[in-house]
Amino acid sequence: MEEIKKEEEKSLNFLEEIVEEDLAAGKYKSILTRFPPEPNGYLHIGHSKSIVLNFGLAQKYGGKTNLRFDDTNPVTEDTEYVESIKEDIRWLGFEWANEFYASDYFEQLYLFAEDLIGKGLAYVDDSSAEDIALMKGTPTEAGTASPYRNRTVEENLQLFRDMRAGKYRDGERVLRAKVDMSAPNMQLRDPIMYRIKHAHHHRTGDAWCIYPMYDFAHGQSDSIEHITHSICTLEFVSHRPLYDWFIEKLEIYPSRQYEFARLNLNYTVMSKRKLLQLVNKGYVTGWDDPRMPTISGLRRRGYTPESIRMFADKIGVQKRENLIDVSLLEFCVREHLNKVALRRMVVFDPLKVVITNYEQEEEWLPSEDNPEDAATGHRKVPFSRELYIENEDFMEHPPKKFFRLSPGQMVRLKSAYVIKCDEVIKDAAGKITELRCSHLPESKSGGAQSNIKVQATIHWVSIPHAITAEVRLYDRLFRVDDPANEEADFSEYINPDSLQVLPAAYAEPALRDAKFNEHYQFLRKGYFYLDKDSSEEKLIFNRTTTLRDTWEKEKKKDRPNQEK
RNA sequence: UGCCCAAUAGUAUAAAGGUAGUACGUCAGAUUCUGGAUCUGAGUGUCUUGGUUCGAAUCCAGGUUGGGCAACCA
């Protein structure tokens, strides 16, 4: 028993291992992580990996997580983003211990800087940005010292205070750390700590005209909060020696940085810059366009927090570059929605069926809301003499493996009767306009003799009772696997058919009461979610994802044969 | 002739010197009042060359490949 249990235990990822070792060694009483977004854009599915990691790690080991906005660059940041970020994190199901801002620490950071100046470890540089870049050297050549590198402590202090006092224009001077201009790691070649920006900050307003750089804000903020494990993405690996250098020289709480590989998903892009371009250039309708990989886009499309957390859990955490198949994300959302979505019938592309031997006016037949969940009940679906079925559910000349309706053949109408196709009506052009069918009264669902064997069950809608709804079908936003790594600009690879709008699908009347807290499965069609563009007069549904469709695959296999 | 990180099925992710496993995807079958779900089965993998060892995905060395680093961005 003990052994079996062990085998079932999920193995730890490398960060969990580090945390367990630290805890076992008594290095910390409890852990404190942080999620540090810059409020300059909306959160995307990649961030959810980091959110689940940071909050999940703390949850698992009885620690806490701070939310800290990394707002050190006033020109790109905005409170609009702060609000959306908070909403998205909460929606994903996490709550932070503290809400902090790097800008809360501006005064402390400033004092840290003066401390380093006093220790002779920072200096004010009057060089232009170009000159600084030039003197930085290249990866293979050492940098050269700035002519201002050896100013006295007093002079540096005065100059830095003058910078703060607003005596200089943007770009006129910077404060630099005095590390090592010939370090093989370029991050260590006297990195800039402060720059002058006479810009309005979303929180501190005009109180400051100098702002710390990431490297002189992030690690210090971690330290101030006593973050134990500061988890970031791989591109910061080369910053870690600097992260540690500042902490060591400042003699402050030693937070430690660990890096993992960011999430990449195929058939989409993940950088904020590229997502912003999609929005600004009108390729999508906004940050919450259901085709966007943003949290808000996925939410609008009908993804659930559970499905995204499951996804984050399944992809794991490692240090190698990855490109994850969207089919895994789709699997996760189907897995969850299958258990919670209410079943409804909607016909997208109607074909009229008349039940010639049906004499009643109407019947309201019970149909299960969710066969996966016994706790859910049934709703009543109206049946009448004239129905719509899906055009593709009928073929006049069916191939061998076609199980649905064709002349002389029978199918079951879900939760209703078995019908037989007796006659195909066509217009002058030869187009099929209507099917004449007869029903088997004794085959009524739930009846004593209802277990007649037919090859297929299809969905349908009663014409006199049907309501209409707009349906928006989404496909991948890009035609290629990895648009960011193609030769041409990523916008060249946008899928022109990523959105297909059906202005008027025919739905059973129960959908009139569709709500935002419910997810729906349109039988045999996919999972759908009410869109925010809906109004009293007009229902609009987004397709979250299709159902798995083995018939679609079968058709593709047959296609070459049919061409012969 | 720089520094750093990484490399296991198609995609991810385990195996901490001792039988290469899991998930998604793919394929086949069973079942089904959703061609869904469910169930069963199949196939595919340790970047390379040496070394250490009774034994290497794992340790060592060289190579190869991919990624990051030269923003007053984060």
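Note that the structure is a prediction, hence the values are computed from the model and not measured. Within every chain, numbering begins at 1; the chains are lettered A, B, ... in the order of the sequence lines, protein sequences first and strands thereafter.
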Quiz prompt | Inter- and intrachain pairs under salt bridge (charged side-chain N to carboxylate O under 4.0 Å, His left out), touching residues 131-149 of chain A, at least two apart | solution =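 Found A/R149-A/D190.
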Exercise. Determine which pairs satisfy salt bridge (charged side-chain N to carboxylate O under 4.0 Å, His left out) with at least one residue from residues 310-320 of chain A, sequence neighbours left out, and list them in order.
Key: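 Listed by first then second residue: A/K10-A/D313, A/E259-A/K319.
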Self-check item: Residue list, ring-ring contact (aromatic ring centres under 6.0 Å, His included) with A/F490, at least two apart or on another chain
Solution: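 So A/F490 forms no ring-ring contact (aromatic ring centres under 6.0 Å, His included) with any residue.
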Quiz item: Which residues satisfy the ring-ring contact (aromatic ring centres under 6.0 Å, His included) test with A/F35, sequence neighbours excluded?
Solution: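 Testing A/F35 for ring-ring contact (aromatic ring centres under 6.0 Å, His included), a comparison that skips the adjacent residues, returns none.
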Report which part of the nucleic acid [X] touches: base, sugar-phosphate, or nothing (heavy-atom distance under 4.0 Å, all strands).
{"X": "A/S128", "answer": "base"}
{"X": "A/Q318", "answer": "sugar-phosphate"}
{"X": "A/V174", "answer": "base"}
{"X": "A/Q187", "answer": "sugar-phosphate"}
{"X": "A/S127", "answer": "base"}
{"X": "A/I458", "answer": "nothing"}
{"X": "A/K272", "answer": "nothing"}
{"X": "A/Y214", "answer": "base"}
{"X": "A/S327", "answer": "sugar-phosphate"}
{"X": "A/R240", "answer": "nothing"}
{"X": "A/K414", "answer": "base"}
{"X": "A/F236", "answer": "base"}
{"X": "A/H239", "answer": "base"}

Practice problem: Strictly below 4.0 Å, heavy-atom distances to any atom of RNA chain B: list the hits from residues 519-529 of chain A, or just say none. | Solution: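 Those residues are A/Q521, A/L523, A/R524.
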Quiz prompt | Residue closer to the 5' end of RNA chain B, A/S238 versus A/T76 (nearest nucleotide) | solution =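 Looking at RNA chain B, the more 5' nearest nucleotide goes with A/S238.
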For [X], give me all partners under salt bridge (Lys or Arg N to Asp or Glu O under 4.0 Å), at least two apart in sequence or on another chain.
{"X": "A/D349", "answer": "none"}
{"X": "A/D125", "answer": "A/R176"}
{"X": "A/R151", "answer": "A/D126, A/E155"}
{"X": "A/R524", "answer": "A/D393"}

Self-check item: Rounded P spacing from B/rU44 to B/rC33 in Å
Solution: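 Their P atoms lie roughly 36 Å apart.
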Quiz item: Looking only at atom P, what distance separates B/rA57 and B/rU38, rounded to whole Å?
Solution: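 Those two atoms are separated by 35 Å.
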Quiz prompt | Over-ring placement of A/R173 relative to A/Y168, 6.0 Å and 45° cut-offs | solution =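 A/R173 over A/Y168 ring: yes.
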Practice problem: Treating a pair as Watson-Crick (purine N1 to pyrimidine N3 plus N6-O4 or O6-N4) or G-U wobble (N1-O2 and O6-N3) with both distances under 3.5 Å, list the stems of 3 or more consecutive pairs that involve RNA chain B. | Solution: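 So far as stems of 3 or more pairs are concerned, RNA chain B shows B:2-7 with B:64-69, B:10-13 with B:21-24, B:26-30 with B:38-42, B:47-51 with B:59-63.
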Quiz item: Taking the six-membered ring for Trp, is the centroid-to-centroid distance between A/H239 and A/Y243 below 6.0 Å?
Solution: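 No - the distance between ring centres of A/H239 and A/Y243 does not fall below the 6.0 Å cut-off.
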Quiz item: Do the two ring centres, one from A/F528 and one from A/F348, sit under 6.0 Å apart?
Solution: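 Yes, the ring centres sit under 6.0 Å apart.
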Self-check item: 5' to 3' contact window, RNA chain B with chain A (heavy-atom distance under 4.0 Å)
Solution: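 The footprint of chain A covers B/rG2 to B/rA74.
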Quiz item: Excluding sequence neighbours, so at least two apart, what forms side chain to side chain contact (heavy atoms under 4.5 Å, CB included) with A/L188?
Solution: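 So A/L188 forms a side chain to side chain contact (heavy atoms under 4.5 Å, CB included) with A/V179, A/A183, A/N185, A/P241, A/L242.
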